[in-house]
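Data block below; observations after.
Just so you know, ligand 1 is whichever comes first in the structure, and atom 1 is the first atom listed for that ligand. It should be emphasised that the depicted structure is a prediction, and the values quoted were computed from it without experimental measurement.
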Amino acid sequence: MSDVPRVVEIERLAYPSTWPPSAYRKELQDNRWAHYIVLRDKHIIEERVAVAQPQEAEKPRKNRLFPLSLLPNRPAPTIPSPDLASIIGFAGLWLMVDEAHVTTIAMHPDHRRLGLGEFLLVSLIDIAYTIGAKWVTLEVRVSNYAAQNLYRKYGFREAGLRHRYYSDNQEDALIMWTDEIQSPAYKQKFQGLKAELMKKLEAA
Ligand SMILES: CC(C)(COP(=O)(O)OP(=O)(O)OC[C@H]1O[C@@H](n2cnc3c(N)ncnc32)[C@H](O)[C@@H]1OP(=O)(O)O)[C@@H](O)C(=O)NCCC(=O)NCCS
């Protein structure tokens with residue numbers, strides 16, 4: 001729940017139209033078929049903690065009598081919580097019978113093209129396995145080639161079109177599905193791609 005404000009911030013940067021924050025809260029509280037994840041950058045946590053706890057040499061001396069921050073009308077600087085600031089991406093899915101429907105997946109624009117959007121998708125597919133889904137499906141804007149490339153890499157194929165699906169610009173949605181994820185062929189492809197990605201991320 002406490003991650004929702006940061007998720008909404010990233011969503012605004014990533015999508016032309018957004019869910020109200022209450023929709024996320026409702027999803028987390030009321031929808032037992034929904035699964036949401038956030039991706040955190042541990043370097044951001046370390047940096048923010050270092051800023052919030054200055055080194056010994058930087059600590060204010062005892063005899064400093066009148067800190068400027070105590071002057072009237074001078075608000076003390078606020079340091080965003082390291083935990084919130086460290087969130088750089090998020091994703092979610094719903095399980096419907098034996099289908100995992102990806103509802104959202106987004107990376108903060110400053111952290112794209114590093115393999116992390118792919119890491120989110122891999123994490124969703126891992127969840128799909130854990131909850132016993134047989135297929136993974138999603139809708140994507142016909143103009144969203146970056147996301148479509150990512151999905152195609154993981155074996156999603158076009159299965160149809162929803163006309164004027166997006167209300168902000170009446171854009172069509174491509175409907176995409178994986179093959180059966182429990183099949184040996186898909187498992188092998190998925191495990192191969194995941195291993196390659198983990199190697200790339202560990203080397204970075
Ligand atoms: C889609 C999104 C999550 C991808 O995140 P990312 O971290 O930049 O992607 P990655 O670096 O993990 O790339 C993984 C694959 O995605 C594809 N891809 C990602 N960005 C791409 C781009 N700008 N152009 C072409 N292909 C791209 C490639 O196939 C890439 O694999 P490769 O590195 O082997 O070429 C990100 O662009 C995003 O948040 N977009 C806005 C929200 C959105 O559109 N979500 C999808 C809704 S359906």
Nearest neighbour of atom 29 (O) of ligand 1 from the list N149, L193, V102, L174, on a heavy-atom basis: N149

Nearest-contact summary for atom 17 (C) of ligand 1 - protein heavy atom, Å: A146 O, 3.5 Å

CZ (R25) with more than 12 external heavy atoms under 6.0 Å: yes

Shortest protein contact, atom 24 (N) of ligand 1 (heavy atom only): R113 NH1, 3.7 Å

Proximal candidate to atom 16 (O) of ligand 1 [heavy atom criterion; set L138, L114, L150]: L150

Within-shell test, Y151 vs ligand 1, heavy atom, strictly < 4.0 Å: yes

Backbone or side-chain N or O of H111 under 3.5 Å from ligand 1 N or O: no

pair L193-Y154: side-chain heavy atoms closer than 4.5 Å: yes

Under-4.0 Å protein heavy-atom contact, atom 13 (O) of ligand 1: no

Heavy atom of the protein closest to atom 32 (P) of ligand 1 (residue, atom name, distance): K153 NZ, 3.6 Å

Close approach of Y15 to ligand 1, heavy atoms, under 4.0 angstrom: yes

Closest to atom 41 (C) of ligand 1 among A91, A14, S143 (heavy-atom distance): A14

Contact (N/O only, under 3.5 Å) between A106 and ligand 1: no

Beyond-backbone contact of L161 with I175, side-chain heavy atoms, under 4.5 angstrom: no

Ring centroid separation F156 to W177 under 6.0 Å: no

Within reach of ligand 1, part of E139 (heavy-atom separation under 4.0 Å): backbone

Contacting atoms of ligand 1, where contact means under 4.0 angstrom from a heavy atom of G115: 10 (P), 11 (O), 12 (O)

